[in-house]
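This report concerns only the one structure given below.
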Amino acid sequence: METVNLVLGIIASILSISAIVFSKNVSDKNKKIEQYLKQELNITMDSSKKEVLSSKKAISGDNGTSIIGDNNKYNGGK
């Protein structure tokens, strides 16, 4: 029973270390993609400007059309 616990502990340690290494690799790839987007396509990924977990109200327009956003107007219909 003691050897089973030892083996399971070693497996858990290996999985933890590999998870840290893989997350570092993914982070590096994401940084390269963001850098490419910024340099080649002039797209910035500024997290301060993102609307994270924001809620928007749906405003019902004419003919049952709903518009989601801030201060949107709907001038269509009839």
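Just so you know, residue 1 is the first one in the sequence shown, and it goes up from there. Atom set for the values below is all heavy atoms of this structure, side chains included, hydrogens, waters and symmetry mates excluded.
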To the nearest 0.5 Å, what is the distance between CD on Glu34 and CD on Gln39?
12.0 Å
Going from CZ on Phe22 to CD1 on Ile17, what distance comes out if it is rounded to the nearest 0.5 angstrom?
12.0 Å
Backbone of Ala19 reached by a side-chain donor or acceptor of Ser23 within 3.5 Å
yes
Checking Asp28 against Lys24 for the salt bridge (Lys or Arg N to Asp or Glu O under 4.0 Å) test, could you report, in this order, the C-alpha distance in whole Å, the side-chain angles of both residues, the deciding distance, and whether it holds?
CA-CA 6 Å; Asp28 290 343; Lys24 174 75 170 115; 3.1 Å; yes
Sorted by first residue and then second, give each side chain to side chain donor-acceptor pair (under 3.5 Å) pair with at least one member in residues 11-21; sequence neighbours left out.
none
Going from CG on Leu8 to OG1 on Thr3, what distance comes out if it is rounded to the nearest 0.5 angstrom?
9.5 Å
Would you say Ile33 ends up clustered with Val26 if hydrophobic residues are merged whenever their side chains have heavy atoms under 4.5 Å apart, either directly or through other cluster members?
no
Inter-residue atom distance Asn30.CG - Asn25.CG, 0.5 Å rounding
11.0 Å
